[in-house]
Number of protein chains: 2
Amino acid sequence: MTLSPSSLIPFTTTCVYSGTFIPYYPAMQKTARRSRPAARLPGRPREFDMDTALDRAVRVFRERGYHATSIGDLTAAMRLATGSIYKAFRDKHAVFLAAFERYTALRQQQTRSAAARGANGREQIRNVLLSYVEHSRGIEGRRGCLVVGSAVELSALDPVVGARVSTQLASNESFIAGLIRAGQADGSIPRHVLADDTARLMLCITQGMRVVGKARLPLDAERLVGAAMKLLA
Amino acid sequence: MTLSPSSLIPFTTTCVYSGTFIPYYPAMQKTARRSRPAARLPGRPREFDMDTALDRAVRVFRERGYHATSIGDLTAAMRLATGSIYKAFRDKHAVFLAAFERYTALRQQQTRSAAARGANGREQIRNVLLSYVEHSRGIEGRRGCLVVGSAVELSALDPVVGARVSTQLASNESFIAGLIRAGQADGSIPRHVLADDTARLMLCITQGMRVVGKARLPLDAERLVGAAMKLLA
DNA sequence: CAGAATAGGGAATGACCATTCCCTATACCT
DNA sequence: AGGTATAGGGAATGGTCATTCCCTATTCTG
């Protein structure tokens with residue numbers, strides 16, 4: 001699969017992934033929306049755990065990006081044979097999208113639970129920022145963020161991934177905006193703070209930390225967040 | 001040229017580009033450090049303009065990244081035949097490095113000249129931030145930043161590019177730190193502002209804007225920079 | 001136990017890509 | 001004009017990659 005040749009404007013790409021995304025999964029098992037225990041599907045049951053396999057795919061895609069990851073890299077990381085991958089996913093692109101979903105679901109969970117540990121809006125934002133620094137630092141930071149990676153490597157070439165990335169960023173931003181407004185309601189953040197502008201700026205800060213962390217510059221959580229909290233003054 | 005397979009830690013890559021970087025350029029012409037007019041080098045002179053060709057390469061690499069850019073994409077963009085590219089550069093990697101240098105030189109120039117239009121440290125920083133937003137917005141923003149792209153796509157896989165990226169980010173950061181200190185000296189920025197911490201945070205902001213802009217979220221210069229200037233309060 | 005349906009695994013396939021080869025063209029020098 | 005040195009350009013090459021094929025294995029149904 002090749003995504004298309006050069007020039008960006010006019011965007012004359014003959015892109016395969018233009019239409020609505022259909023989550024394929026040939027004979028998807030275990031994701032049944034039925035009541036538990038899930039009614040057995042016909043045929044031999046899948047032997048590997050989908051989430052475990054996707055976690056491994058996530059790791060490779062985070063480290064190598066989309067284009068530098070070969071099916072061979074995926075078979076090694078996911079511990080599946082070529083045929084098995086193509087039995088479970090339409091193609092490499094589908095593996096990537098599934099990995100992306102898995103990644104964002106886990107990250108969203110981590111961010112929300114960091115926020116939940118704060119007593120008021122202000123502390124919740126501080127915790128979210130601290131959590132971002134921790135994920136952008138050291139080994140974890142070097143591994144990279146799949147959203148940032150997709151934004152940079154694929155947004156302009158692949159409309160499907162581009163849409164997912166935008167959705168994810170918008171969701172992150174509005175989560176922060178919500179925390180700011182909550183803080184204004186509970187009195188921990190002054191009324192004169194512009195929630196939307198500040199949230200967008202904080203989105204830039206968090207995504208920027210992932211870039212800086214990937215480039216191995218050291219990030220100090222207390223110092224960085226300490227400075228950033230001025231935005232809520 | 002393939003950069004290496006999977007796992008990041010331990011980083012067992014057999015990377016070709018580990019050693020010191022030698023700027024190759026087989027029979028580099030015109031970059032002669034001699035006095036003008038440059039003494040003619042032996043053989044047929046190069047017909048194309050190196051900077052023009054590199055600007056075109058920069059554009060492709062910004063839009064498509066390193067791995068998704070084929071030699072065919074480069075020949076089309078640079079308007080050179082395959083053989084001519086390999087006559088002028090060792091390989092694709094060398095084209096990329098030359099393009100990277102060209103890009104960072106131009107960007108540095110643009111940023112410094114934006115700063116120069118400010119009357120004091122505070123206004124210089126405002127101008128730098130405004131300039132970053134303008135470059136991260138719209139068509140230019142969608143085209144992306146080669147430094148951010150390299151950080152995300154190559155830093156972990158390619159030590160040579162990784163080092164260049166880190167150097168560039170560090171240079172951007174210390175430029176900002178310098179402006180903060182200048183502002184404190186000229187009285188436009190309070191003494192209690194922590195120059196280094198604030199500069200690092202502003203580095204995150206600028207790099208984050210490139211990510212957000214690449215994902216096509218709209219960026220409003222006045223609103224974003226208005227919020228960011230609180231960091232200098 | 002036969003049949004249907006799907007998973008596991010690995011070899012085969014066809015396309016594409018980075019790089020090299022080689023022939024031609026153009027400069028300078030004597 | 002002949003020699004040397006390099007550039008221009010495009011065809012040939014060898015390797016890699018995504019994808020398909022096909023054979024085997026395992027489950028459920030009747």
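Each chain gets a letter, A, B and so on, in the order its sequence line appears, and its residues count up from 1. Given the structure is predicted, the values throughout are model-derived calculations rather than measurements.
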Angle between terminal axes - the helix from C/dC1-D/dG30 to C/dT30-D/dA1, 5 pairs each end, rounded to 10°: 0°
From CG of A/Asp73 over to P of D/dT19, roughly how many Å is that when rounded to an integer? 14 Å
Assess the residue pair B/Gln108 and B/Ser171 against the criterion (side-chain hydrogen bond (donor to acceptor under 3.5 Å, both in side chains)); give the C-alpha distance rounded to whole Å, side-chain angles, the decisive distance to 0.1 Å, and a yes or no. CA-CA 9 Å; B/Gln108 195 142 50; B/Ser171 154; 3.0 Å; yes
Specify the separation, in whole Å, of atom CZ of A/Phe89 and atom C1' of D/dA18. 16 Å
Counting primed atoms plus P, OP1 and OP2 as sugar-phosphate and everything else as base, spell out the protein contacts along nucleotides 20-30 of chain D at 4.0 Å heavy-atom distance: B, S or - for each nucleotide, 5' to 3'. B-B--BBBS--
Would you kindly give the NE2-to-C1' distance between A/His67 and D/dA18, to the nearest whole Å? 12 Å
Which residue, B/Leu80 or A/Ile71, contacts DNA chain D at a nucleotide closer to its 5' end, judged by nearest heavy atom? B/Leu80
Protein-nucleotide distance (A/Arg79, atom CZ; C/dG9, atom C1'), rounded to Å: 17 Å
Electrostatic pair B/Arg62-B/Glu140, nearest N-O below 4.0 angstrom: yes
Heavy atoms only, 4.0 Å cut-off, all strands: where does A/Thr75 land among base, sugar-phosphate and nothing? nothing
Atom CZ of B/Arg64 to atom P of C/dC16: distance rounded to whole Å? 14 Å
For atom CG of B/Leu74 and atom C1' of D/dG9, their distance in whole Å: 16 Å
What pairs with B/Phe100 under ring-ring contact (aromatic ring centres under 6.0 Å, His included), at least two apart in sequence or on another chain? none
Side-chain contact check for A/Ser84: nearest option of C/dG9, C/dA18, C/dA7 is C/dG9
Sequence neighbours excluded, which residues qualify as salt bridge (charged side-chain N to carboxylate O under 4.0 Å, His left out) partners of B/Asp220? none
Under the salt bridge (Lys or Arg N to Asp or Glu O under 4.0 Å) rule, what pairs show up with a residue in residues 129-138 of chain A, not counting sequence neighbours? A/Glu134-A/Arg137
State which of D/dG9, D/dA18, C/dT19 makes the closest approach to the side chain of B/Lys92. C/dT19
SB check B/Arg164 B/Glu101 (cutoff 4.0 Å): yes
A/Arg46 and A/Ala88: which non-hydrogen atoms are nearest, and at how many Å? NH2-CB, 4.0 Å
According to the interplanar angle, ranging from 0 to 90°, do the rings of B/Phe96 and B/Tyr66 count as parallel (below 30°), tilted (30 to 60°) or perpendicular (above 60°)? perpendicular
The criterion is salt bridge (charged side-chain N to carboxylate O under 4.0 Å, His left out); which residues satisfy it with B/Arg216, sequence neighbours excluded? none
